[in-house]
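Please read these numbers as outputs of a predicted model, since none were measured by experiment. Naming: A, B, ... by sequence-line order, numbering from 1 per chain.
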Amino acid sequence: MGTRIIKGLLALGFAVALISGCASQPADDMQEEAIVEEAPEVMSQPIETVTPVAPPKAAWTIQNGALYELDSDDEYVAVGNGKFYFDFDQAIVKRHGHAVLNKHANYLAANSDARVRLEGHADERGTREYNLALGERRANAIRAYLTSQGASNYQTEVISYGEEKAAVDGHDESAWSMNRRVELIYQ
Amino acid sequence: MKLRRVVFYVPVLVVMLCCHSLSAELRIEVTKGVDNAVRIAVVPFEWRGRGILPEQIADIVSSDLLLSGRFDTLDVDSMLSLPHVPDEVFFRDWRLLKAEYLVIGYLHAVNQDEATISPAVTRLRLHFELYNVFRQSVEVIHEIEGEIQDLRDMAHYVSDVVYEKLTGIEGAFLTRILYVTDTGPVDNREYRLNVADADGKRAAVILKSREPLLSVIWSPDGRKIAYVSFEKDSKPAIYIRDMESGETEQITNFKGLNGAPAWSPDGKSLAMVLSRDGNPEIYIMDLEDRRLRRITRHYGIDTEPSWSPDGTSLIFTSNRGGKPQIYKITLANLEIERLTFEGDYNARARFLPDGKSLIMVHRRKGIYHIALLELTRGRLTVLTETALDESPSIAPNGSMLIYATRYGGRGVLAAVSIDGGVKFRLPSSEGNVREPAWSPKKHKKFEANILNE
């Protein structure tokens with residue numbers, strides 16, 4: 001009987017050690033929430049004292065050069081597609097892009113270490129060097145807007161590819177409209 | 001004008017290039033020739049040696065003349081006799097075939113002891129004669145010497161002499177064309193800089209890159225080229241390459257645009273576009289001391305400079321008036337004059353060698369064409385019927401221009417004579433082709449003996 005109690009205590013102690021060991025792992029890497037969520041399944045008994053507290057998630061994250069923000073369901077969602085489109089031979093930032101650009105500006109303003117590359121592009125019509133200049137104008141227009149909304153100039157780098165790097169192969173307005181763009185690529 | 005469509009393709013038997021990797025050759029399709037083409041017979045040249053020469057001179061000359069659009073060449077199969085020397089020429093044979101002119105010739109090793117065509121035979125002498133069939137007179141007797149690997153160039157030299165004699169215009173067959181190709185899907189593209197003879201043959205790859213290449217030009221002496229490449233850190237820079245040695249030097253590394261290089265006629269300076277001061281402006285770099293002189297100062301886009309033949313002014317594209325138009329700036333006083341008023345998109349102008357006209361990209365009814373602007377009369381003529389035309393480059397004799405367009409779903413090169421009378425296409429067997437640059441005449445001097453003048 002006495003040995004049973006000891007065995008039981010040992011088992012409990014082992015389980016506690018196991019669970020607390022599991023729970024301590026996610027603390028090493030704030031990004032790996034998956035393991036934290038798995039932890040409760042391992043728990044066979046309620047042990048309030050060792051329940052891991054998930055660290056608060058960052059409001060933003062960068063994945064493959066794109067900006068993600070935390071939504072109300074605590075999930076990261078992409079902030080737009082990182083592309084802003086322009087009219088033919090124009091470098092005016094469209095009004096409907098402002099809301100998304102404001103989010104980028106907020107992120108940059110809140111994270112002084114953040115750096116973003118603004119890649120300007122043009123459609124295939126017209127001459128190549130003029131299109132390089134046009135692509136640069138577009139990227140500069142996005143840069144000026146971000147700066148006006150709180151980003152710092154040193155955080156943005158402008159580069160133009162003109163018509164040299166189409167996003168979409170094609171020779172009609174549907175392709176051209178996708179190619180007249182500025183892409184935001186976080187470093 | 002009737003539309004002729006002749007496909008002319010001479011397979012190259014032996015490619016003499018050793019140091020360049022091979023590139024897809026450009027095939028030339030004449031889409032329009034002149035109505036009153038001169039009918040000429042080029043008889044296969046006699047080789048007075050053993051073995052087979054790697055190139056057939058007469059085939060190359062016939063091809064050149066046909067591609068100029070000003071000549072109609074006779075098939076060898078239709079010829080009634082195949083003379084090589086004056087004694088064998090019977091003018092009635094050629095009158096029957098309605099040939100107006102006749103070219104004959106022969107080749108032999110300079111060192112007559114060299115009996116076989118082998119590595120031992122390196123130097124050849126080419127003798128050729130041009131006859132006027134109706135007048136039964138000899139117009140030209142020439143002899144030139146060259147190395148065996150220069151046979152194609154020797155043939156182009158013959159074409160130049162015949163062309164100049166019969167049209168009064170300097171030939172441009174002894175020239176080359178630089179062009180850019182790309183292959184692969186948008187997310188996995190390979191860019192190549194290529195060079196080929198003006199007839200599309202002896203194509204070779206100069207440079208391969210995963211990043212864009214553009215704005216390719218020749219130095220006035222044809223020994224160097226300049227171009228814009230994004231190869232370093234995916235950012236644009238201007239490079240100069242020596243075509244003989246392959247030595248390449250990056251000559252700009254400024255923040256922002258580094259583009260649109262344009263060699264001054266004296267070869268000492270390079271006009272270019274830099275946006276290092278925040279806005280695309282035109283600068284001139286002294287290639288000796290690398291000092292920069294800023295030429296334009298405007299918040300609009302200023303780009304695509306090109307020198308006047310006398311080197312005293314630049315023309316450039318600017319949207320300072322709202323839309324892209326061509327302006328001229330005099331270098332002595334930086335005075336600016338607008339040159340184009342017709343249409344709402346005129347860009348990338350180039351002077352013709354006489355300095356009296358410009359060619360440029362001109363949009364009409366939403367379609368991009370190549371147009372000619374005569375400066376004194378202010379008259380603008382659209383030269384091309386194709387769409388999405390760009391990057392016109394003029395032959396050194398000022399008679400033809402080559403440009404990039406689209407055909408059959410691909411980027412191709414096409415050419416048109418300045419009078420609009422001759423048109424041809426140069427499709428490549430793979431990928432998209434663009435950014436052509438026609439070289440100055442080759443500096444290869446053959447020791448020519450002009451025997452009849």
Side-chain angles (χ1 to χ4, degrees), chain A residues 64-65 83 86-92 115 117-144 147 153-154 156-176 178-179 181-183 185 187, chain B residues 180 182 185-187 189 191 211-215 228 230 233-236 255-261 272-273 275 278-281 300-305 316-319 322-324 344-349 360-361 363 366-368 387-392 404 406 409 411 432 434-435:
Chain A
N64 297 325
K83 294 175 185 168
F86 291 80
D87 289 336
F88 175 74
D89 199 22
Q90 293 294 328
I92 298 163
R115 297 287 185 277
R117 197 160 132 135
L118 310 176
E119 296 187 350
H121 299 269
D123 72 32
E124 64 176 345
R125 294 173 295 167
T127 62
R128 288 175 182 271
E129 286 284 355
Y130 185 82
N131 282 338
L132 278 175
L134 192 57
E136 189 185 61
R137 295 229 126 179
R138 289 172 176 159
N140 277 333
I142 294 287
R143 181 188 210 197
T147 307
N153 262 340
Y154 69 83
T156 54
E157 183 189 23
V158 162
I159 181 159
S160 175
Y161 291 104
E163 64 178 281
E164 308 303 323
K165 286 191 172 181
V168 177
D169 244 337
H171 312 288
D172 52 22
E173 183 50 39
S174 71
W176 293 331
M178 300 299 283
N179 289 333
R181 71 201 189 278
V182 170
E183 294 190 22
I185 296 165
Q187 305 299 298
Chain B
V180 174
D182 73 47
V186 286
D187 55 352
R189 211 145 251 185
Y191 302 85
E211 295 291 340
L213 291 163
L214 73 157
S215 297
V228 174
F230 285 69
D233 302 330
S234 204
K235 288 174 188 167
K255 199 157 100 30
L257 299 178
N258 294 250
M272 61 183 66
V273 172
S275 63
N279 196 51
E281 302 286 2
I301 292 172
D302 293 329
T303 187
E304 302 171 337
F316 62 98
T317 309
S318 178
N319 70 348
K323 299 283 182 186
D344 61 358
Y345 197 112
N346 291 299
R348 226 211 71 144
M360 61 197 172
V361 174
R363 184 171 64 186
I367 313 280
Y368 295 79
L388 285 172
D389 302 344
E390 61 180 356
S391 311
R406 295 201 67 82
N432 295 300
R434 57 166 175 270
E435 295 287 273

* Options P324(B), S215(B), G259(B), ranked by heavy-atom pairs under 4.5 Å with chain A, top entry -> P324(B)

* Asked: Does a donor on one side chain and an acceptor on the other come within less than 3.5 Å for Y161(A) and S234(B)?
  -> yes

* Structure fact -> Scanning both residues in full, the closest heavy-atom pair of R117(A) with D233(B) reads NH1-O, 4.1 Å

* Asked: Minimum heavy-atom separation for Y345(B) to G126(A), with atom names?
  -> OH-CA, 3.2 Å

* Are R137(A) and N279(B) close enough that some pair of their side-chain heavy atoms sits under 4.5 Å apart? -> yes

* Asked: So, do V273(B) and L132(A) sit near enough that their side-chain heavy atoms are less than 4.5 Å apart?
  -> no

* Asked: Pick from I159(A), T127(A), L134(A): which one has the most heavy-atom pairs with chain B under 4.5 Å?
  -> T127(A)

* Structure fact -> When the 4.5 angstrom heavy-atom criterion is applied to V361(B) and chain A, the contacting part is side chain

* N346(B), part contacting chain A, at a heavy-atom distance under 4.5 Å -> neither

* Any Lys/Arg nitrogen of K235(B) or E157(A) sitting under 4.0 Å from an Asp/Glu carboxylate oxygen of the other? -> yes

* CZ/F316(B) to CD/E129(A) distance, rounded to the nearest 0.5 angstrom? -> 15.0 Å

* **From R348(B) atom CZ to Y130(A) atom OH, the distance as rounded to the nearest 0.5 Å** => 15.5 Å

* Structure fact -> Applying a strict 4.5 Å limit to non-hydrogen atoms, the region of A139(A) in contact with chain B is neither

* Is there any salt bridge (Lys or Arg N to Asp or Glu O under 4.0 Å) pair reaching into residues 160-171 of chain A, and which pairs are they, with sequence neighbours excluded? -> R128(A)-E163(A), R128(A)-E164(A), K165(A)-E211(B), D169(A)-R189(B)

* Asked: When you look at CG of D172(A), are more than 12 heavy atoms from neighbouring residues, nucleotides or ligands closer to it than 6.0 Å?
  -> yes

* Structure fact -> With sequence neighbours left out, the residues meeting side-chain contact (heavy atoms from CB on, under 4.5 Å) with A133(A) are L257(B), P280(B), I301(B)

